[in-house]
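What follows is a single structure, written as structure tokens, with notes after it.
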Amino acid sequence: MRSFGVASAVAGLIATTSFFVGSVNAQADPIVIKGSKFFYENNGTQFYIRGIAYQQSFTGATAVEGTGNDADYDDPLADPQACRRDLEYLTQLRTNTLRVYAVNPNEDHDECMKMFADAGIYIIADLSAPSDSIDSNDAHWNDDLYARYVSVVDAMQGYTNTLGFFAGNEVATQPNNSDSAAFVKAAVRDMKSYISSKGYREIGVGYAANDNQYIRTQLAAFFNCGDVSDAIDFYGYNVYSWCGESTFQESGFDVRTEEFEQYSVPAFFAEYGCNDVSPRPFTEVGALYGPQMNDVWSGGIVYMYFQEENDYGLVTLDGDSISTLADFDNLKSQIAKATPTGVQMDAYQPSNSPASCPSVGGQWHAQASPLPPTPNQQLCNCMYESLSCVPADNTPADDYQDIFDFVCGEDKNACAGIQADGESGEYGAYSMCDSKEQLGFVLDQYYKNQRRSSDACDFKGQAKLQRAQNAGGNCQSLIAEAGKGGTGTVTSAPSGTGASSGGSGGGATSSTGAAAAMIIPTADFGLMPMAFVVTVAALSGVGMLLL
């Protein structure tokens, strides 16, 4: 994926659109997956993505200053006036898919989703948000993120033109953070399980990867390997190697295509549109939808609709007025000629098998099994109530790391229950709890290991004793599964969901989590308790193809 400054640039997807236009009251024909291809569920025609990234003032995992709501981003699917304004231009580009990088589950999406459904336009929604995403360099899959992800699933699953979800965008971007892939794959596993457990229709969950030469093949294999219930349903590839008047060979598209010939799930370009040459001629469109690529790739998404400082836009917005750019005209000309040769679903017999899992070593640092545990808020609540030593109410979250540093440096056994190591595949049962719950667990372990010494639960007033609640009923069984030191394996399914959506799309509920989970510290010194007198250390067309 293309990276701009500190944040990775979100890219757009150019999806295949169709001449299919529903009646005013009709729902879109859902897109389903068979083998490595997408199909319209009812007519069985192969679906090629002709997509566009559609979100203004959004730069990946970085919060945007001055946006219009308290979620630190603007949800384009919650603005019917803007959707109506843009629809004319999207249809000129034969758009059949929009990629939206952050959806506000508390907003009403009914009007925009119906408008797009009537025009044959589908949505791929990222499940994260600027302040709620898996951090490449401090990866965790925890209760807060789980609540965010399921709230978006709940909000969007009821729309038949929801094509799928991305559980992560360019999280594992290079060798030194490739261990983060394990946490994203755990999110994929849990969202697939959640969709199934709620009885929702089958909606794919995938990952959007950047194009890093050192880990690209391991990354694709990692998300496709192992148990199907843990693996992605589709793979999005953010590729910017075709610039200007390049060629299939010069751009490396020939090698990338060969690498994915045996991939067992649909693969497509989740972002493309290099702007090293401006205006962009979009000559890669002919290759992407032509005979050299259309049997392997399911189309792609162009980055992006709105012109902004990074100069990747197709249109400029001035108030409510849209003006098209040269990039728009060039893409329109190229996409008009996109006529991939598809296959009918009934005639297609998949033959590709899942990839073999890459081994840890060299440039690759993510263990394929086990994956991080499924977040379970009930378990975390039960655990916290059972503790005798917990953080004091007035302890700032900014001070947590100092306490972790000290306790884990002095007593590593106290921290075993919260460790989360994607490279070794070692995860504590409480590694998915929020930072306050984790800190409580660590403090309590330390306190007990110090034989409940009165000054072992002090930490200069930043810890306190509480009356531990006896874990009864389901709490008792959950804590028993977690084990005395938090090193057991919890198999009970989580009971929580997300928070209520304003629209009829999902009718689900969402919740706001506490502070982000902490890394298990490696420092030897930190904030010490009073017992040690020491100082403190310091996110349907013609023929076989419907276009």
Side-chain angles (χ1 to χ4, degrees), residues 13 15-16 18 29-50 97 122 124 163-167 181 185 188-189 192 195-196 201-209 211 216-237 239 248-249 252-270 287-300 338-359 368-369 540-541 543-547:
L13 84 44
T16 60
S18 80
D29 188 352
I31 303 303
V32 297
I33 295 169
K34 181 178 180 181
S36 61
K37 303 182 187 302
F38 292 115
F39 296 93
Y40 287 96
E41 181 178 51
N42 294 323
N43 66 27
T45 304
Q46 187 173 346
F47 180 86
Y48 286 89
I49 291 171
R50 289 196 307 263
T97 307
Y122 294 79
I124 297 180
L163 191 159
F165 302 107
F166 279 129
K185 192 168 182 179
V188 170
R189 173 201 66 201
K192 291 175 63 169
I195 290 169
S196 176
R201 68 178 175 88
E202 291 187 12
I203 307 174
V205 182
Y207 175 68
D211 183 28
R216 58 163 73 106
T217 56
Q218 296 98 319
L219 195 63
F222 179 82
F223 280 102
N224 181 236
C225 77
D227 194 314
V228 173
S229 63
D230 297 342
I232 53 166
D233 296 312
F234 53 78
Y235 194 73
Y237 199 7
V239 184
F248 184 56
Q249 290 77 23
F253 277 25
D254 58 338
V255 180
R256 304 289 81 78
T257 299
E258 183 178 355
E259 290 167 349
F260 279 86
E261 281 180 350
Q262 301 304 315
Y263 214 60
S264 68
V265 298
F268 57 92
F269 286 4
L288 181 59
Y289 297 98
Q292 292 173 307
M293 298 180 71
N294 69 192
D295 189 48
V296 173
W297 301 96
S298 293
T339 55
T341 303
V343 62
Q344 199 70 16
M345 182 162 56
D346 289 345
Y348 170 57
Q349 298 301 321
S351 58
N352 294 350
S353 301
S356 298
C357 292
S359 300
S369 181
S540 168
M544 301 295 289
L545 177 67
L546 202 82
L547 277 176

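Just so it is clear, the model here is predicted, and its values are computed rather than measured.
- The minimum heavy-atom distance between Ala221 and Ser356, with the atom names listed, is CB-O, 3.7 Å.
- Across Ala167 and Val205, no two heavy atoms sit closer than the pair CB-CG1, 4.1 Å.
- At least one donor-acceptor pair under 3.5 Å links the side chain of Asn352 to the backbone N or O of Glu261.
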Derivation of the side-chain contact (heavy atoms from CB on, under 4.5 Å) call for Tyr289 and Asn294
CA-CA 5 Å; Tyr289 297 98; Asn294 69 192; 5.6 Å; no

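- The backbone N or O of Arg189 sits nowhere less than 3.5 Å from a side-chain atom of Asp230 that would complete a donor-acceptor pair.
- Using the six-membered ring where Trp is involved, Tyr122 and Tyr40 have ring planes that are perpendicular, over 60° apart on the 30 and 60° scheme.
- The nearest pair of heavy atoms linking Phe166 to Ala270 is CZ-CB, 3.9 Å.
- Panel note: side chain Tyr263, backbone Ala220; a donor-acceptor pair is recorded below 3.5 Å.
- Looking at heavy atoms from C-beta onward, Thr97 lies out of side-chain contact with Phe268 at the 4.5 angstrom threshold.
- Gln292 is not listed as a side-chain neighbour of Thr257, based on a closest heavy-atom distance of 4.5 Å or more.
- How far CD1 of Ile33 is from CE of Met345: 12.0 Å, rounded to the nearest 0.5 Å.
- One N or O on the side chain of Asp29 and one on the backbone of Glu41 form a donor-acceptor pair closer than 3.5 Å.
- Counting heavy atoms from C-beta outward, Phe165 and Phe234 have side chains that stay 4.5 Å or more apart.
- Atom-to-atom distance recorded for Asn224:CG and Leu219:CG is 11.5 Å, nearest 0.5 angstrom.
- Interatomic distance, Phe260 CZ to Thr217 OG1, rounded to the nearest 0.5 Å: 9.0 Å.
- Using modelled atom types, no side-chain atom of Lys34 and backbone atom of Phe39 make a donor-acceptor pair closer than 3.5 Å.
- Thr45 has its side chain within reach of Gln344: a pair of non-hydrogen atoms, C-beta onward, lies under 4.5 Å apart.
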For Tyr235 and Tyr207, run side-chain contact (heavy atoms from CB on, under 4.5 Å): C-alpha distance rounded to whole Å, both residues' side-chain angles, the deciding distance at 0.1 Å, then the answer.
CA-CA 6 Å; Tyr235 194 73; Tyr207 175 68; 4.1 Å; yes

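- By the 4.5 Å heavy-atom criterion applied to side chains, Glu202 and Val32 are not counted as neighbours.
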Begin with the C-alpha distance, continue with both residues' side-chain angles, and end with the deciding distance and a verdict on side-chain contact (heavy atoms from CB on, under 4.5 Å) for Lys192 and Asp233.
CA-CA 9 Å; Lys192 291 175 63 169; Asp233 296 312; 3.2 Å; yes

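- To the nearest 0.5 Å, atom CD of residue Gln262 and atom OG of residue Ser353 are 8.5 Å apart.
- The backbone N or O of Ile232 lies less than 3.5 Å from no partner atom in the side chain of Lys185, so there is not a single donor-acceptor pair.
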Go through the steps for Phe269 and Met293 under the test side-chain contact (heavy atoms from CB on, under 4.5 Å), then give the verdict.
CA-CA 11 Å; Phe269 286 4; Met293 298 180 71; 3.8 Å; yes

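- Considering CH2 of Trp297 and CZ of Arg256, their distance stands at 8.5 Å, rounded to 0.5 Å.
- Considering every non-hydrogen atom in both Pro358 and Cys225, the closest pair reads CD-SG, 4.4 Å.
- Summarising the geometry of Asn42 relative to Pro30, their closest heavy-atom pair is ND2-CD, 4.3 Å, with the distance given to 0.1 Å.
- Aromatic ring pairs are classed by plane angle as parallel below 30°, tilted from 30° to 60° and perpendicular above 60°; the pair Phe47 and Phe38 is perpendicular.
- Going from atom OH of Tyr237 over to atom CG of Asp211 covers 3.5 Å, rounded to the nearest 0.5 Å.
- Counting heavy atoms of neighbouring residues, nucleotides and ligands inside a 6.0 Å radius, atom CD of Gln249 exceeds 12 of them.
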